[in-house]
Amino acid sequence: MQEEGAIKFDLQYTESEPVAGATIAELNTWRRILWQLELIGQHPDRYDGYGYGNLSQRIGRPDAPAGKRSFAISGTQTGSLQELDASHYSIVTAYDPAGNRVVAEGPLKPSSESLTHGVIYDLDTSIQTVLHVHSAVIWQHAAALQLAMTDADAAYGTPAMTAEVRRLYQACRMGHSGIFGMGGHQDGIVSFGTSAAEAGSVLLQALAAALAARQEHESQANRKQESDNYGQW
């Protein structure tokens with residue numbers, strides 16, 4: 001399994017002051033919700049004990065050139081923290097998926113998924129928020145949910161993953177739904193929207209649908225077992 005949270009891109013990082021807290025207030029509220037649902041977090045028995053999940057919000061001009069649409073993103077390996085404040089966010093000022101490079105500043109280095117977040121902001125100027133979580137139930141029931149999935153060979157945090165995100169979006173396989181799964185990143189799910197509330201709502205709807213699909217699958221398995229047992233009498 002890929003090492004969770006490892007930065008795989010060339011990072012040009014400058015330590016600086018944090019973004020204004022009011023700027024990320026709504027994003028941080030949703031981060032709190034996702035942490036409580038264990039969609040973001042850290043557990044010794046999951047992903048080799050590494051923290052997982054990250055989220056971001058556009059803070060720069062949406063009409064800035066592609067690759068320079070600034071956004072605030074949670075810092076690398078902050079998944080274990082129940083509460084974040086502005087000091088736990090990094091500001092990505094430039095990103096080059098083809099060159100595998102990220103330029104960032106702030107109190108912490110940015111998430112290992114910064115390239116993926118950046119390419120999503122380049123896809124549509126209306127996108128304001130990106131949420132990357134880990135949900136086994138959504139990931140395992142992706143087919144039942146008709147969830148778009150990136151290729152299993154595309155590793156997280158790499159140019160291959162950003163190319164896959166572009167491919168799915170251009171093929172209209174995820175643009176309307178605002179959510180997709182990472183085929184090669186265990187349990188990895190990404191949602192996005194015009195606000196943190198929209199991206200969060202899309203994610204929670206997918207979670208509810210996945211839980212319903214799992215319950216139906218378990219009910220069918222129980223009915224089959226009961227039928228098999230009856231046939232042996």
Side-chain angles (χ1 to χ4, degrees), residues 1-9 11 13 15 18-19 21 23-59 71-92 95 102 104-121 129-140 150 154-158 161-162 165 179-193 196-197 199-200 202-204 206-207 210:
M1 184 177 68
Q2 301 162 5
E3 183 180 333
E4 183 68 31
I7 292 177
K8 300 180 178 182
F9 47 74
L11 174 63
Y13 168 70
E15 188 171 353
V19 67
T23 303
I24 56 169
E26 183 186 12
L27 183 69
N28 228 10
T29 296
W30 274 94
R31 197 271 180 188
R32 194 172 299 116
I33 293 169
L34 300 178
W35 193 90
Q36 290 173 348
L37 292 172
E38 298 187 351
L39 297 174
I40 290 176
Q42 185 171 12
H43 296 279
D45 58 344
R46 297 179 67 183
Y47 321 120
D48 292 333
Y50 286 93
Y52 58 90
N54 45 76
L55 69 175
S56 70
Q57 177 177 299
R58 188 196 297 274
I59 59 173
F71 56 92
I73 187 167
S74 50
T76 184
Q77 284 303 300
T78 54
S80 63
L81 302 176
Q82 181 175 356
E83 297 285 344
L84 299 190
D85 58 34
S87 68
H88 298 111
Y89 285 84
S90 182
I91 303 169
V92 173
Y95 43 94
V102 170
E105 60 187 46
L108 291 180
K109 292 180 180 180
S111 163
S112 58
E113 285 287 359
S114 294
L115 280 177
T116 302
H117 287 249
V119 77
I120 293 174
Y121 290 121
T129 303
V130 179
L131 310 176
H132 169 224
V133 302
H134 280 216
S135 171
V137 67
I138 298 177
W139 203 75
Q140 291 166 4
T150 60
Y156 79 89
T158 64
M161 177 60 74
T162 62
V165 172
I179 188 169
F180 64 93
M182 295 174 154
H185 187 35
Q186 183 182 355
D187 303 338
I189 303 294
V190 177
S191 69
F192 53 91
V202 167
L203 183 59
L204 295 186
L207 178 60

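When reading the values below, keep in mind they use all heavy atoms of this one structure, side chains included, and skip hydrogens, waters and symmetry mates.
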Taking side chain to side chain donor-acceptor pair (under 3.5 Å) as the definition, give me every residue that meets it alongside [X], ordered by chain and number, with sequence neighbours left out.
X: Glu83; result: Arg32
X: Thr23; result: none
X: Ser111; result: Asn54
X: Thr29; result: none

Q: Kindly indicate whether the side chain of Thr129, heavy atoms from C-beta on, has any atom under 4.5 Å from the side chain of Leu55.
A: no

Q | Under the ring-ring contact (aromatic ring centres under 6.0 Å, His included) test, residues paired with Tyr95 that sit two or more places apart | A | Phe71

Q: Would you mind telling me which of Val119, Thr76, Ile73 makes a side chain to side chain contact (heavy atoms under 4.5 Å, CB included) with Ser114?
A: Ile73

Which residues satisfy the side-chain contact (heavy atoms from CB on, under 4.5 Å) test with [X], sequence neighbours excluded?
X: Asn28; value: Arg31, Leu84, Tyr89
X: Leu108; value: Thr78, His88
X: Ala25; value: none

Q: For Gly53 and Ile40, work out which heavy atoms get closest and say how close.
A: CA-CG1, 3.9 Å

Q: Check Arg46, Gln77, Gln42, Gln186 against Tyr52 for a side chain to side chain donor-acceptor pair (under 3.5 Å) and give me the one that passes.
A: Arg46

Q.
By the salt bridge (Lys or Arg N to Asp or Glu O under 4.0 Å) test, which pairs, at least two apart or in different chains, include something from residues 33-42?
A. none

Q | Worked verdict on His132 versus His185 for ring-ring contact (aromatic ring centres under 6.0 Å, His included) | A | CA-CA 11 Å; His132 169 224; His185 187 35; 5.5 Å; yes

